[in-house]
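In what follows, a single structure is set out as structure tokens and then discussed.
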Protein chains: 2
Amino acid sequence: MAHHRSDVIAHAVALLDTHGLAALTMRRLGAELDVQPSAIYHHFANKQALLAAVADEILARGARPREADEWPDQLREVCSELRHAMLACTDGADVVATVWAFGLGAAAPVVEMEKVLADAEVPEELVPVASRTLVHYVFGHAFEEQTARQAVRLGAVERSLESLPDFDLGLDLVIDGLRARLA
Amino acid sequence: MAHHRSDVIAHAVALLDTHGLAALTMRRLGAELDVQPSAIYHHFANKQALLAAVADEILARGARPREADEWPDQLREVCSELRHAMLACTDGADVVATVWAFGLGAAAPVVEMEKVLADAEVPEELVPVASRTLVHYVFGHAFEEQTARQAVRLGAVERSLESLPDFDLGLDLVIDGLRARLA
């Protein structure tokens with residue numbers, strides 16, 4: 001049975017969401033689609049390429065309308081969308097941060113933040129620093145929140161979820177640092 | 001053969017460093033120590049407890065002397081030590097961030113930053129926000145750097161390591177945000 005690339009990606013996201021990152025293998029994905037692993041490799045050269053497509057699909061599914069006019073709020077919109085997109089899929093933070101580290105995808109939030117910063121006339125040398133500091137903060141925060149929630153749900157740990165740090169307060173601290181540079 | 005708890009931890013760190021997080025199982029650790037898995041469970045109730053001990057050992061091995069007098073430099077010392085400790089062991093960032101998320105260990109850097117911030121008379125409500133924003137930034141940055149370096153070394157991806165963002169510049173942005181709140 002032949003499958004379109006988009007079908008394979010949709011099944012990969014479903015497999016990830018249901019069983020977690022450790023279960024997302026080319027072999028298992030082939031078995032669930034009732035095809036040989038070679039049929040998966042027809043669409044994706046390797047596991048990394050599959051993960052990249054999965055990460056971009058996770059981000060695409062989390063897309064929200066843009067409403068903000070000022071750069072601090074525009075950055076908040078991008079960071080909040082990224083956070084919620086990752087949290088919406090099991091191990092989403094791990095997958096998106098990994099693909100970003102591979103340099104193979106998940107670049108849309110950083111590209112958009114770089115445009116917001118450039119349009120706000122942030123000094124050129126500060127643009128990559130600020131966009132990457134923000135994305136690292138979002139990844140670090142989402143990884144803690146998702147890892148904690150998933151482990152508690154599985155009964156693996158007993159941590160109180162009320163102690164999770166507030167996302168917006170930390171984000172504002174980074175944005176204030178950027179604002180101080182522009183003053 | 002009986003093993004002390006510290007021996008088991010040392011072997012677990014070596015196993016992690018040589019073969020990565022996926023290889024660190026109670027079964028494999030028992031096999032390498034030539035004991036039944038039950039001998040490992042004698043020291044650690046479960047995999048999460050073992051990981052917590054491994055994370056704390058990774059941090060302990062990375063300990064550096066403290067030299068700074070001012071709070072921004074004191075925060076930089078803690079964050080830099082945390083970063084280098086995690087980078088010194090394969091998958092160290094993943095393990096330390098996971099254990100922190102579990103609430104089972106790896107708390108020393110946050111505890112120390114909270115003391116630095118309190119001593120600097122940072123407003124009480126800002127102390128947890130600042131310490132957690134800093135630790136999330138460090139985790140996010142170290143995860144990208146380590147994931148990228150390991151994947152390139154294994155030949156899994158071809159990303160240029162020169163494009164890794166500068167750690168200190170991003171850290172300064174967060175510290176500037178904190179400084180702006182104190183002004």
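Below, all heavy atoms of this structure are taken into account, side chains as well, without hydrogens, waters or symmetry copies. In what follows, chains carry the letters A, B, and so on, assigned in the order in which the sequence lines appear, proteins first and then strands, with residues in each chain numbered from 1.
In E32(B), the CD atom is crowded: over 12 heavy atoms of neighbouring residues, nucleotides or ligands sit closer than 6.0 Å.
Proximity to chain A at a heavy-atom threshold of 4.5 Å picks out Y137(B), G140(B), H141(B), F143(B), E144(B), T147(B), A148(B), A151(B), A156(B), V157(B), R159(B), P165(B), L169(B), G170(B), D172(B) from residues 137-172 of chain B, in numerical order. Using a 4.5 Å heavy-atom cut-off against chain A, the contacting residues of residues 101-121 of chain B are A101(B), F102(B), G103(B), L104(B). Scanning residues 41-73 of chain B against chain A with a 4.5 Å heavy-atom cutoff picks out Q48(B), ordered by number.
Cluster annotation: V13(A) is connected to L33(A) through the hydrophobic network of ILVMFWY side chains, with a link wherever side-chain heavy atoms come within less than 4.5 Å. In the hydrophobic clustering of ILVMFWY residues, with side-chain heavy atoms under 4.5 Å counting as a link, V127(B) and L82(B) come out together.
Residues R181(B) and D176(A) share a closest heavy-atom pair of NE-OD2, 2.6 Å.
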Donor-acceptor contacts, no H, no angles, side chain residues 21-30 of chain A, under 3.5 Å, sequence neighbours left out:
{"from": "T25(A)", "atom 1": "OG1", "to": "R28(A)", "atom 2": "N", "distance (Å)": "3.0"}
{"from": "R28(A)", "atom 1": "NH2", "to": "H19(A)", "atom 2": "NE2", "distance (Å)": "3.4"}

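If you measure heavy-atom distances from A93(B) to chain A, you find no contacts under 4.5 Å at all.
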